[in-house]
Undergrad: 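Have a look at this one before I ask anything.
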There are 2 protein chains.
Amino acid sequence: MARSNKERTEATRLALIEAARRLFVEKGYAETATPDIVAEAGVTRGALYHHFEDKRALFLATLEREAQAVAAQIETVSTASGTPCEALLSGAAAYFDAMAEPGRTRLLLLEAPAVLGFEAMGAIDRDNAEGTLKTGLSELLGPHVGAEKLQALTDLLSAAFDRAAIAIEAGADRKAYEAAIADLIDGLRA
Amino acid sequence: MARSNKERTEATRLALIEAARRLFVEKGYAETATPDIVAEAGVTRGALYHHFEDKRALFLATLEREAQAVAAQIETVSTASGTPCEALLSGAAAYFDAMAEPGRTRLLLLEAPAVLGFEAMGAIDRDNAEGTLKTGLSELLGPHVGAEKLQALTDLLSAAFDRAAIAIEAGADRKAYEAAIADLIDGLRA
DNA sequence: ATAGAAACGTGCAGACTGTATGTTTTTTCA
DNA sequence: TGAAAAAACATACAGTCTGCACGTTTCTAT
């Protein structure tokens with residue numbers, strides 16, 4: 001059928017990543033075996049180990065794809081208008097919308113830290129949502145907050161967002177968690 | 001040497017749990033093999049699988065031990081005097097002290113969620129620190145907050161505590177994170 | 001058209017998990 | 001006290017997985 005090498009590579013990598021995502025979401029990273037992944041993707045283990053250094057590298061690729069999807073989904077809604085407080089709350093809502101995609105909390109918040117470690121997760125956070133959260137907080141707090149405290153508050157609020165996404169995924173009332181987030185943010189603007 | 005069965009069991013279980021803790025902290029759950037654990041403990045795999053159903057059960061036992069140690073260490077300092085705000089802050093400080101024990105953040109906050117899942121972690125949290133945090137928050141906020149919002153705020157602050165412990169472990173300035181926590185809590189008492 | 005590179009396939013070595021089965025030590029009870 | 005039963009522990013094995021080495025096919029460049 002004469003596909004170019006670039007097309008072949010792209011198709012194979014995509015099939016592997018999508019198959020891996022399904023299985024990682026369903027069974028977790030540790031319980032997912034590479035024979036299962038390649039069967040689901042319709043390729044062989046040889047192809048997997050040609051395109052990825054090891055199973056962890058395939059997981060990292062699926063994670064990056066997932067994180068990019070979250071960032072893209074958030075940016076489409078992020079008009080960032082209104083008061084700093086409103087901007088932060090609408091950003092939180094956009095984050096919860098994005099994290100409602102099935103499997104996302106498990107991949108990004110449960111499996112990824114254990115597989116990739118704290119540092120790699122911190123790097124992923126910094127590349128994605130943490131920047132906008134930090135600037136939003138900076139506008140809320142004004143210019144007279146130290147960089148160190150701003151970083152700490154950003155980190156803590158980011159953790160709160162993540163935990164809220166987990167709770168919502170687990171069936172908790174989203175409104176209650178959004179209200180709690182609102183209370184936290186509102187309290188900071190003193 | 002004539003040890004009773006109870007003594008034998010206790011000694012073997014303890015040796016396994018302590019050896020497992022060392023290796024889980026050093027290499028993580030997935031990268032730690034049962035042959036390594038039993039070698040470190042000075043027993044055989046037969047003993048391990050006699051006392052624990054599988055590797056996961058051994059990890060769960062080490063986790064419970066670790067969580068109990070944290071709870072015990074916190075309770076020794078928890079005089080819980082002063083204003084609700086002060087009580088919460090001293091509780092946070094006690095938590096950070098307890099989490100300063102080497103390996104604790106990795107075991108409780110990195111490995112455990114992936115190995116045991118969100119539900120099991122929520123149960124462990126509820127059995128340990130979440131109760132005192134919830135009552136402390138309840139006193140801070142007064143009696144006219146709904147149970148659902150109180151639960152959400154507790155959950156979010158608990159996540160913030162955890163993230164702060166991780167940041168401190170990674171080398172961040174503890175004072176900055178304690179100040180950020182103080183800001184969050186202080187903002188809630190409006 | 002052909003050489004070389006890239007993509008892909010197959011088989012293998014080493015390691016690990018969990019279990020089944022055997023052995024030793026302790027406990028029970030007659 | 002002396003077996004019998006139970007508990008603790010040891011060993012051997014089957015099944016599976018990972019990563020790599022080495023083939024084979026497909027594409028690319030000249």
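Numbers restart at 1 for each chain; the letters A, B, ... are given by sequence-line order, proteins then strands. Nothing here was measured: the structure is a model prediction, and the numbers come from that model.
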Undergrad: Considering just the side-chain nitrogens and oxygens of B:His50, establish if one lies under 4.0 Å of OP1 or OP2 belonging to D:dC9.
TA: no
Undergrad: Anything under 3.5 Å between a donor and an acceptor, one on a side chain of residues 112-121 of chain A, the other on a protein residue two or more places apart or in another chain? List them.
TA:
none

Undergrad: I need the CZ-C1' distance between A:Arg8 and C:dA5, as an integer number of Å.
TA: 12 Å
Undergrad: The criterion is side-chain hydrogen bond (donor to acceptor under 3.5 Å, both in side chains); which residues satisfy it with B:Arg45, sequence neighbours excluded?
TA: B:Thr34
Undergrad: Quickly work out the A:Phe52 CZ to C:dC8 C1' distance and round it to whole Å.
TA: 14 Å
Undergrad: Under 3.5 Å, side-chain donor or acceptor atoms of residues 156-164 of chain A against the rest of the protein: list the pairs with distances, not counting sequence neighbours.
TA:
| unit_1 | atom_1 | unit_2 | atom_2 | d |
| --- | --- | --- | --- | --- |
| A:Asp162 | OD1 | A:Tyr95 | OH | 2.6 |
| A:Asp162 | OD2 | B:Arg163 | NH2 | 3.0 |
| A:Arg163 | NH1 | B:Asp155 | OD1 | 3.0 |
| A:Arg163 | NH2 | B:Asp162 | OD2 | 3.0 |

Undergrad: Which parts of nucleotides 10-23 of chain C does protein reach within less than 4.0 Å, heavy atoms only, written one letter per nucleotide 5' to 3' as B for base, S for sugar-phosphate only and - for none?
TA: B-----SBBB----
Undergrad: Which residue pairs satisfy the salt bridge (charged side-chain N to carboxylate O under 4.0 Å, His left out) criterion with at least one member in residues 91-117 of chain B, sequence neighbours excluded?
TA: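 Residue pairs passing salt bridge (charged side-chain N to carboxylate O under 4.0 Å, His left out), neighbours aside: B:Glu66-B:Arg104, B:Asp97-B:Arg174, B:Arg106-B:Glu111.
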Undergrad: In chain order, what residues pass the ring-ring contact (aromatic ring centres under 6.0 Å, His included) check against A:Tyr177, with sequence neighbours excluded?
TA: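 Scan of A:Tyr177 (ring-ring contact (aromatic ring centres under 6.0 Å, His included), adjacent residues dropped) gives none.
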Undergrad: What is the distance from CD of A:Glu31 to C1' of D:dT18, rounded to the nearest Å?
TA: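 Distance, rounded to whole Å: 15 Å.
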Undergrad: How long is the line joining CD1 of A:Ile37 and P of D:dG19, in whole Å?
TA: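 These atoms are roughly 10 Å apart.
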Undergrad: Is the closest side-chain heavy-atom distance between A:Asp183 and B:Leu188 below 4.5 Å?
TA: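 Side-chain contact under 4.5 Å: yes.
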Undergrad: Taking B:Gln73 for the side chain and B:Val70 for the main chain, is one N or O donor matched with an acceptor at less than 3.5 Å?
TA: no
Undergrad: Tell me, which pairs form a ring-ring contact (aromatic ring centres under 6.0 Å, His included) where one or both residues lie in residues 39-66 of chain A, sequence neighbours left out?
TA: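 For residues 39-66 of chain A: A:Phe24-A:Phe59, A:Tyr29-A:Phe59.
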Undergrad: Write down the distance between CG (A:Leu48) and P (D:dA21), rounded to a whole number of angstrom.
TA: 17 Å
Undergrad: From NE2 of B:His51 over to C1' of D:dA8, roughly how many Å is that when rounded to an integer?
TA: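 The answer, rounded to whole Å, is 6 Å.
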Undergrad: Please collect all side-chain hydrogen bond (donor to acceptor under 3.5 Å, both in side chains) contacts where either partner lies in residues 125-147 of chain B, sequence neighbours excluded, each pair once.
TA: B:Lys134-B:Gln151
Undergrad: Could you pull out the protein-nucleic contacts involving nucleotides 28-30 of chain D (nitrogen or oxygen on both sides, under 3.5 Å)?
TA:
| unit_1 | atom_1 | unit_2 | atom_2 | d |
| --- | --- | --- | --- | --- |
| D:dT28 | OP1 | A:Asn5 | N | 2.9 |

Undergrad: Quick one: which residue pairs count as a salt bridge (charged side-chain N to carboxylate O under 4.0 Å, His left out) with a foot in residues 31-43 of chain A, not counting sequence neighbours?
TA: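 Only A:Arg22-A:Glu40, A:Lys27-A:Asp36 qualify under salt bridge (charged side-chain N to carboxylate O under 4.0 Å, His left out).
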Undergrad: Tell me whether the OP1 or OP2 atom of D:dA8 has a side-chain N or O from B:Thr12 closer than 4.0 Å.
TA: no
Undergrad: Output the residues of residues 14-26 of chain A in contact with DNA chain D, where contact means a heavy atom of the residue under 4.0 Å from an atom of the strand; sort by number or write none.
TA: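 Listed by number, there are none.
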Undergrad: Name all residues meeting the side-chain hydrogen bond (donor to acceptor under 3.5 Å, both in side chains) criterion together with A:Lys55; count only those two or more places apart in sequence or in a different chain, and write none if there are none.
TA: none
